[in-house]
J.: 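To start, I am sharing the structure in question, which I have written as structure tokens.
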Amino acid sequence: MNWQFARVLELVEETPRCTSLILEPPDWPGHRAGQHVDVRLTAEDGYQAQRSYSIASGPEDAQLLLTIERLDDGEVSPYLVDELRPGDELELRGPVGGYFVWERSSGGPLLLIAGGSGVVPLRAMLRHHVATGSDAAVRLLYSARSLDEVLYRHELESLMSDHGIGVHVALTRAWPEDWGGHRGRISPELLGDVSWPPGEHPLIYICGPTGFVEDVAGQLVDAGNDPARIRTERFGPSGG
Amino acid sequence: MQPLDGNAIAGALYDAFGDEMTTTTGICEHCGATGPLAELRVYTRAPGIVARCPSCGNVVLVLVDARGTPRIHLALELLDGGETEGPRGRLQGSG
């Protein structure tokens, strides 16, 4: 798997902390929903820093899209968000990973659970679901700190209204006065409301910060869900 | 520091083993827990990459780049690659 320089076509500010990069790699073999790319930066003195980022675009999308959360003390993400410009080149390789992947043949019912920017690979799965006309029942439970940190908000609204996907947003720190969604962290009660009964064997993907993933996966197993139907992906402050 | 998991080192594992490894099943030599390498707890801020068993916490994999050549220390028995059946429950420790 070779490194290559992808051209940056466009940058889209998604939220105050997250920016999407639309990239054009010269040689892209295609990817599966949930896979990553490795991004490598090289300083003038030869020092290199490398990070793995989830792919936000679906396999059927024409363009490769990454959504990067800017971590203030990060080595890589501040450069990607603040310094990169259209026309620049970014060194990457991929796709990599095969575990946290959902394909149409994986079926459902499918419960996707995101903490913060953990929604990025889940977006690829949602887009794959829609693009392939999958008949799996799909629900997304997305925990964010506040409404202005919710990624892909308009797209999620359209998935709900146009494609029958159940989208549930939990806001943990701040919410509008008239907020009709869940307030506070994900609880066993909320999971009980959003998920299918364990007897229906939902296929569950959880992506978020390590503590979030451990907490939610633990709640789901305690509620009687089969651990073999739960796939997890953790990121943390070292992801910068 | 909170660890990442094996998904985050898919590229480094590919370098070291020449194949996609996160779906490969490993058996911990310390405690016998079995599961996909994606479920390992991974620390990337050490010199090199250190991965621990999610069940017993012992180090099961160390990857160091020695002047461009990956050096691997492994305390895992690896079963056939290309496992796509999904996670094995026992390697899903509670962290």
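Residue numbering restarts at 1 for every chain, and letters A, B, ... go by the order of the sequence lines.
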J.: Once rounded to the nearest 0.5 Å, what's the spacing between atom CD of Glu214(A) and atom CZ of Arg41(B)?
T.: 4.5 Å
J.: Identify the heavy atoms of Ala8(B) and Ser52(A) that sit nearest to each other, and give their distance.
T.: O-CB, 3.6 Å
J.: Nearest 0.5 Å please: distance from the OG1 atom of Thr44(B) over to the CZ atom of Arg51(A).
T.: 6.5 Å
J.: Taking the side chain as every heavy atom from C-beta outward, state whether Pro3(B) and Thr210(A) have any atom pair closer than 4.5 Å.
T.: yes
J.: Under 3.5 Å, side chain of Asn7(B) to main-chain N/O of Thr232(A), donor-acceptor pair present?
T.: yes
J.: How long is the gap from CG on Leu4(B) to CD on Glu233(A), to the nearest 0.5 Å?
T.: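 The distance works out to 9.5 Å.
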J.: Give a yes or no on this: more than 12 heavy atoms of other residues, nucleotides or ligands lie within 6.0 Å of atom CG of Asp45(A).
T.: yes
J.: Does a side-chain N-to-carboxylate-O contact under 4.0 Å join Arg234(A) and Glu39(B)?
T.: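 Glu39(B) and Arg234(A): salt-bridged.
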J.: Would you please test Thr22(B) and His36(A) for side chain to side chain contact (heavy atoms under 4.5 Å, CB included) and show each step?
T.: CA-CA 12 Å; Thr22(B) 59; His36(A) 305 202; over 6 Å; no
J.: Is it true that, when you exclude Arg185(A) itself, more than 12 heavy atoms of the residues, nucleotides or ligands shown sit nearer than 6.0 Å to its CZ?
T.: no
J.: Looking at Asp38(A) and Gly11(B), what are the two nearest heavy atoms and their distance?
T.: OD2-CA, 3.3 Å
